[in-house]
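All values reported here derive from a predicted model rather than from experimental measurement.
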Amino acid sequence: MRNIDSWWTTSPDAGVGVACEPVNLIVIDIDAHSAPARPKPSPPGNPDPRLGRP
């Protein structure tokens with residue numbers, strides 16, 4: 001328990017990870033915050049600015 005208290009004291013915004021597959025768990029993740037806007041696709045023939053190539 002001391003390790004967990006220490007981790008969250010150092011990083012209070014840290015999330016929790018769970019290895020679901022080894023024990024056949026199914027998880028539904030519902031985020032309560034707004035998702036960031038997705039970038040608009042580049043027109044045909046124009047390079048994708050994220051990749052630096054067409």
Checklist line | Qualifying residues under side chain to side chain contact (heavy atoms under 4.5 Å, CB included), relative to Ile26, sequence neighbours excluded | finding: none
Notebook entry, point to check: Taking only residues two or more places apart in sequence or in another chain, which ones pass side chain to side chain contact (heavy atoms under 4.5 Å, CB included) with Val18?
Noted result: Val16, Cys20, Leu25
Notebook entry, point to check: To the nearest 0.5 Å, what is the distance between OG1 (Thr10) and CG (Asp5)?
Noted result: 10.5 Å
Next item on the list: Return the set of residues passing side chain to side chain contact (heavy atoms under 4.5 Å, CB included) with Ala14 (not counting sequence neighbours), or none when no residue passes.
Entry: Trp8, Ser11
